[in-house]
Amino acid sequence: MAKEITSRTEDYSQWYLDIVHKARLADNSPVRGCMVIKPHGFAIWELMRDALDGMFKATGHVNAYFPLFIPKSFLSKEAKHVEGFAQECAVVTHYRLKTVGDTAETRQVVVDPEAKLEEELIVRPTSETIIWNTYRDWIQSYRDLPILLNQWANVVRWEMRTRPFLRTAEFLWQEGHTAHSSANEAMEEARKMLEVYATFAEEYMAMPVIKGVKTENERFAGADETFCIEALMQDGKALQAGTSHFLGQNFAKAFDVTFLNKENQQEYVWATSWGVSTRLVGGLIMTHSDDDGLVLPPKLAPIQVVIVPIPKPGPELEAASEKIAQALRARGIRVKVDNDDQNRPGFKFAEYEMIGVPVRLGLGMRDLEAGQVEVARRDTKTKENVPLEKIDQHVFELLEEIQKNLFERARAYRDAHITRVDHWDAFEQTLEEKGGFISAHWDGTTETEKEIKERTKATIRCIPLDAEEEEGVCILSGKPSRRRVLFARAY
RNA sequence: CGGGGCGUAGCGCAGCCCGGUAGCGCACCUGCUUUGGGAGCAGGGGGUCCCAGGUUCGAAUCCUGGUGCCCCGACCA
């Protein structure tokens with residue numbers, strides 16, 4: 001057994017790292033906090049990206065690209081924004097290196113002190129500033145609005161502690177940046193994109209999410225309102241999976257972006273921004289995977305079906321395998337036929353389970369003679385024999401079934417881990433013993449929120465959009481509250 | 001930036017206390033036999049023992065100083 005994975009009960013975070021490495025998703029890099037995304041990991045991200053990109057286009061957005069480097073002065077224009085990001089920015093100060101030393105042993109590259117930049121450049125932690133600096137030139141009148149723009153990019157946030165996909169110093173994401181002529185329209189946009197994210201998370205990732213609003217304390221630096229989708233991982237910790245911000249006129253004011261409205265009056269432009277990142281890959285792993293490796297929902301599986309000839313691939317088996325593959329491909333299914341004769345079937349079974357292939361077809365002479373195929377599903381680890389002539393229809397339906405099953409399973413777990421709590425003792429106890437979301441009353445003050453965080457490490461993940469009005473008293477302060485909010489320890 | 005742990009073959013580790021020609025498992029290469037759940041046998045290749053000083057006839061091992069990584073905290077998508 002060469003590729004053992006640490007069990008989830010033994011050490012959840014080691015299990016996560018094992019999955020990342022053994023499912024060949026990513027490697028560590030020589031640079032602290034950065035990772036190499038390997039082909040299999042990147043293929044998952046590509047599927048996510050393509051699906052999201054299609055959804056953005058369908059809601060009227062277009063893609064563009066803004067620079068990696070941002071003049072330092074830009075960042076300081078919006079007070080809260082700087083405050084939020086200043087702590088974690090990478091800064092470019094020079095533009096040239098030179099070599100010193102005469103011999104091969106002593107020669108080294110140093111920063112040329114002569115080549116100091118007059119104004120330092122910030123490696124973007126997010127692009128609001130450079131984009132709004134540009135929008136000033138693009139926007140004159142209400143006729144120029146709205147601008148519905150998205151960019152796919154990498155950003156850098158110099159984090160203290162990192163974990164592959166969940167929090168890396170450099171990560172890939174998309175950031176939508178829209179400009180509107182009214183507050184209402186901008187707010188609608190922010191909510192619309194939250195819906196897009198929620199739909200994507202649930203329909204593609206099979207990851208149930210709760211849509212909500214962030215408290216002032218948890219809000220994006222520079223936003224008037226931050227909407228989010230929150231998911232629950234198998235260890236009972238919450239994961240913020242996507243955010244959508246109503247930025248008000250904050251960036252328009254900071255960058256002096258105004259437009260003439262229909263009444264011929266100058267007005268500041270209203271803004272939104274929204275993003276999801278490669279963090280979603282981490283969420284995907286932690287939502288479905290088990291102690292045998294990665295489990296992927298069919299819609300995001302680079303290989304949806306693998307066909308393994310048993311025992312050794314011979315001409316007859318290869319022909320039969322290829323024929324099945326063709327039939328599946330004709331239905332738009334991503335299939336791999338593993339004709340490699342270096343590894344034994346047992347090894348291959350374990351390997352494909354490790355990398356999360358949803359369906360495996362085992363095909364041996366015995367099956368051929370019986371006119372059947374062995375169908376194994378990754379999510380339940382069950383096997384059945386299916387007649388050859390029905391295989392394509394069967395697999396097509398099975399993939400849908402698996403997609404649905406993963407979602408239902410994750411939702412059942414999530415729902416079972418939302419606990420309504422009305423007393424402080426129960427709050428602490430639930431957090432320690434059960435984890436998950438805790439639905440409780442909160443007095444609405446940042447002070448109380450911080451106090452709770454300090455005592456328990458739990459934060460307010462969101463105020464659910466569908467939270468019902470309900471009179472109650474704050475779990476900590478006993479002050480009146482009008483609705484419950486969701487607490488959890490989070491990634 | 002605080003507290004702890006670890007740097008020895010691609011990966012995981014032993015050896016270090018008690019100094020004496022660097023080892024194990026997996027992976028890799030060659031050959032044969034195997035192939036319905038991670039194959040077996042035989043042969044083989046691969047190392048600045050994190051770096052720099054020091055002690056010593058001799059250092060992976062002892063001493064000093066660096067440095068990198070991991071875990072736990074403070075910060076965060």
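From a predicted model like this one, the values you see are computed outputs, not experimental measurements. Throughout, a chain's letter reflects where its sequence line sits, starting with A, and its residues are numbered from 1.
Under the Watson-Crick and G-U wobble criteria, each requiring two contacts below 3.5 Å, nucleotide B/G2 is paired to B/C72. Base-pair partner of B/U67: B/G7 (Watson-Crick or G-U wobble, both distances under 3.5 Å). Figure legend. B/A22 is base-paired to no nucleotide; pairs are counted as Watson-Crick or G-U wobble with both atom distances under 3.5 Å. Partner assigned to B/A77 is none, using Watson-Crick or G-U wobble distances below 3.5 angstrom. For B/A42, the paired base is B/U30 (Watson-Crick or G-U wobble, both distances below 3.5 Å). For B/C17, there is no paired nucleotide, since no Watson-Crick or G-U wobble pair has both relevant distances below 3.5 Å. Across the strands present, B/U35 finds no partner; the criterion is a Watson-Crick or G-U wobble pair with both atom distances under 3.5 angstrom. Here B/U48 sits opposite no nucleotide as a Watson-Crick or G-U wobble pair (both hydrogen-bonding atom distances under 3.5 Å).
Counting only heavy atoms from C-beta outward, the side chains of A/Ile452 and A/Trp424 approach each other to under 4.5 Å. Residues A/Phe427 and A/Leu476 have side chains not in contact (no heavy-atom distance under 4.5 Å, counting atoms from C-beta outward). Proximity of A/Leu398 to A/Val305: side-chain heavy atoms (C-beta onward) are nowhere separated by under 4.5 Å.
The aromatic rings of A/Trp270 and A/Phe246 lie parallel to each other, their planes meeting at an angle below 30°, with 60° marking the opposite boundary. By the 30° and 60° cut-offs, the orientation of the rings of A/Trp132 relative to A/Tyr135 is perpendicular.
B/A52 and B/U67 have their C1' atoms separated by 10 Å, given to the nearest Å. Comparing B/C70 with B/A27, their P atoms are spaced 27 Å from each other, to the whole Å. Taking atom C1' on both nucleotides, B/U48 is separated from B/A9 by 13 Å, rounded to a whole Å. Separating the C1' atom of B/G19 from that of B/A60 is a span of 10 Å, rounded to the nearest Å. Annotation: B/U21 and B/A59 have their P atoms spaced 12 Å apart (nearest Å). Here, B/C50 and B/G25 have their C1' atoms 23 Å apart, quoted to the whole Å. Here the separation of B/C24 from B/G46, taken at their P atoms, is 14 Å to the nearest Å. Taking atom C1' in both B/C49 and B/U33, one finds a spacing of 38 Å when rounded to whole Å.
Rounded to whole angstrom, the span from the CD1 atom of A/Ile310 across to the C1' atom of B/G36 amounts to 5 Å. Taking atom OH of residue A/Tyr16 and atom C1' of nucleotide B/C71, one finds them 17 Å apart after rounding to whole Å. Protein atom CZ of A/Arg163 is 16 Å distant from nucleotide atom C1' of B/C69, rounded to whole Å. If you take CG of A/Leu363 and C1' of B/U35, they are 15 Å apart, rounded to a whole angstrom. Nucleotide B/G37 holds its C1' atom 8 Å from the CZ atom of A/Arg360, rounded to whole Å. Put simply, CG on A/Asp18 is 11 Å from P on B/G12, counting in whole angstrom units. Rounded to whole Å, the distance from NZ on A/Lys22 to P on B/C11 is 13 Å. Between A/Asp27 atom CG and B/C70 atom C1' there is a gap of 16 Å when expressed in whole angstrom units.
Residues meeting the side chain to side chain contact (heavy atoms under 4.5 Å, CB included) test with A/Ala301, sequence neighbours left out: A/Leu296, A/Gln304, A/Pro358. Remark: A/Phe74 engages A/Phe255 in a ring-ring contact (aromatic ring centres under 6.0 Å, His included) (not counting sequence neighbours). Not counting sequence neighbours, A/Phe349 has no partner by the ring-ring contact (aromatic ring centres under 6.0 Å, His included) test. A/Tyr352 meets the ring-ring contact (aromatic ring centres under 6.0 Å, His included) test with no other residue; sequence neighbours excluded. For A/His81, there are no side-chain hydrogen bond (donor to acceptor under 3.5 Å, both in side chains) partners at least two apart in sequence or on another chain. Here A/His288 pairs with nothing under the ring-ring contact (aromatic ring centres under 6.0 Å, His included) rule; sequence neighbours left out.
Only one option out of A/Lys336, A/Lys22, A/Arg344, A/Arg24 pairs with A/Glu351 in a salt bridge (charged side-chain N to carboxylate O under 4.0 Å, His left out); it is A/Arg24.
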Enumerate all atom pairs, one protein N or O and one N or O from nucleotides 75-77 of chain B, separated by less than 3.5 Å.
residue, atom, partner, partner atom, Å
B/C76, O2', A/Glu159, OE2, 3.0
B/C76, O2, A/Arg167, NE, 2.0
B/C76, O2, A/Arg167, NH1, 3.1
B/C76, O2, A/Arg167, NH2, 2.1
B/C76, N3, A/Arg167, NH1, 3.4
B/C76, N3, A/Arg167, NH2, 3.0
B/A77, O3', A/Gln240, OE1, 3.4
B/A77, O3', A/Gln240, NE2, 2.6
B/A77, O3', A/Arg279, NH1, 3.1
B/A77, O2', A/Arg279, NE, 2.8
B/A77, O2', A/Arg279, NH1, 2.0
B/A77, O2', A/Arg279, NH2, 2.9
B/A77, N6, A/Thr168, O, 2.5

Using a cutoff of under 3.5 Å, can you pull out all pairs of nitrogen or oxygen atoms linking the protein to nucleotides 39-47 of chain B, with atom names and distances?
residue, atom, partner, partner atom, Å
B/A39, OP2, A/Arg344, NE, 2.9
B/A39, O4', A/Arg344, NE, 3.3
B/A39, N9, A/Arg344, NH1, 3.2

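Contacts of A/Asn28 with the nucleic acid, taken as non-hydrogen atoms under 4.0 Å apart, are absent.
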* To do: Check the pair A/Glu230, A/Arg414 against salt bridge (charged side-chain N to carboxylate O under 4.0 Å, His left out), reporting the backbone distance first and the verdict last.
  => CA-CA 11 Å; A/Glu230 294 283 331; A/Arg414 195 272 315 269; over 6 Å; no
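Between the side chains of A/Arg461 and A/Thr459, at least one donor N or O sits under 3.5 Å from an acceptor N or O.
Take the nearest nucleotide of RNA chain B for A/Asn343 and for A/Ser13: the residue whose nucleotide is more 5' is A/Asn343.
Across residues 194-216 of chain A, not one residue has a non-hydrogen atom less than 4.0 Å from an atom of RNA chain B. For RNA chain B, none of the residues of residues 315-325 of chain A falls under the heavy-atom distance limit of 4.0 Å.
Listed by first and then second residue, the salt bridge (charged side-chain N to carboxylate O under 4.0 Å, His left out) pairs involving residues 291-310 of chain A are A/Arg8-A/Asp291, A/Asp292-A/Lys381 (not counting sequence neighbours). Counting only residues at least two apart or in different chains, salt bridge (charged side-chain N to carboxylate O under 4.0 Å, His left out) contacts with residues 358-376 of chain A comprise A/Glu353-A/Arg360.
Comparing B/G36, B/C71, B/G37 by their nearest atom to the side chain of A/Leu17 picks out B/C71. Of the candidate nucleotides B/G37, B/G36, B/G38, B/G38 has the atom lying nearest to any side-chain atom of A/Met354.
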